[in-house]
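Only one structure is covered here, and it is reproduced in the block below.
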Amino acid sequence: MQITEHLHALKIPFQIPISPGKVIDREVYSYIVFGNKITLIDSAVAGAETIIFDYLRQNGRDPQEIAMVILTHSHPDHIGSVKAIKEATNCQIAACSTEKDWIEDTELQFAERPVPGFRTLVGGPVTVDRLLVDKETVSLGQGIDCQVMYTPGHSRGSLSLVFNHEQTIITGDALPLPNDLPIYEDLVASIESIRRLQKTKNIKSLLSSWEDPLHGSALIAQRMNDSILYLRKIHETVVQGQSQGLEDLMDLCRYVVMAMGLPPLAVNHLVARSFAANLAVREHKNLTDWQSVD
Ligand SMILES: [Zn+2]
């Protein structure tokens, strides 16, 4: 799907095997920048390289033209096919320094964050060739460039990318999608990242990994605000659950998921881990404490 003159969105369906015979259907977006060379933003899951390469060919381009893959962060549905893409094209891999170890050592990531079906979703590790820093401008050829914005919280080194000429921002997983699985490591950082995204000027298209492209400044502003409200509601419910004596994290997770009407499959260790991040800042009952941004 073409978004702007140079930016295309590619939705890639996949399944997370959670137990024998049981899978969760998910989908994730990768983004493609077509210039005199090709840049990918995220690679989706293992095997997705076939879908990506087919899409490039359908648009009259050769997968060998891929010069760089920018990884918004290291989670399986973003790095899954990057090994195959690197092996096929010898492209450069770019990411934030704090995501480097989980991209270069996927077994370390699995040990520290055991996502169900990890080895099915991730094709293997790759070396990160280029470390991206906050506010850096990355040239993607033919006068196309993007600016790096640190938006941690969902993960330690989550990045967003601002395409000023295209009036478009790619946010990875930085914006929690209301009523979807809440996944974050640092709640305060997550809120501060959304506050930073809110300050980005002249954005007409919002491209996240979790939902279809959003167009129009009013819709985008609403979406960012809804993400903060969702995090606030979760936090209030987690604090409420704990004040009722739910000390066990999985019991607390079950309580929050039911109280908020989230899908039952949200009762899992990854979501519970997010709620542990809420407990780490439970003294911040008044969310106005989190509204200051650098
Ligand atoms: Zn993620």
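Positions are given from 1, in the same order as the sequence printed here. Excluded from the calculations below are hydrogen atoms, water molecules and symmetry mates; all remaining heavy atoms, backbone and side chain alike, are included. Whatever order the structure lists ligands and atoms in, that order sets their numbers, starting from 1.
Lys83 has a carboxylate O that lies under 4.0 Å from a charged side-chain N of Glu87, or vice versa, which qualifies the two as a salt bridge.
Among the backbone and side-chain atoms of His78, no N/O/S atom is found under 2.8 Å from the Zn ion (ligand 1). Taking 2.8 Å as the threshold, Asp77 does not count as a candidate ligand of the Zn ion (ligand 1), since none of its N, O or S atoms lies below it.
Summary: ND1 is the N/O/S atom of His75 found nearest to the Zn ion (ligand 1). Note on Asp173: its N/O/S atom closest to the Zn ion (ligand 1) is OD2.
Asp134 contributes a side-chain N or O that, together with a main-chain N or O of Tyr150, makes up a donor-acceptor pair within less than 3.5 Å.
For Phe275, the ring-ring contact (aromatic ring centres under 6.0 Å, His included) criterion is met by no residue, not counting sequence neighbours.
With rounding to the nearest 0.5 Å, the separation of NE2 in His78 from OG1 in Thr72 is 5.0 Å.
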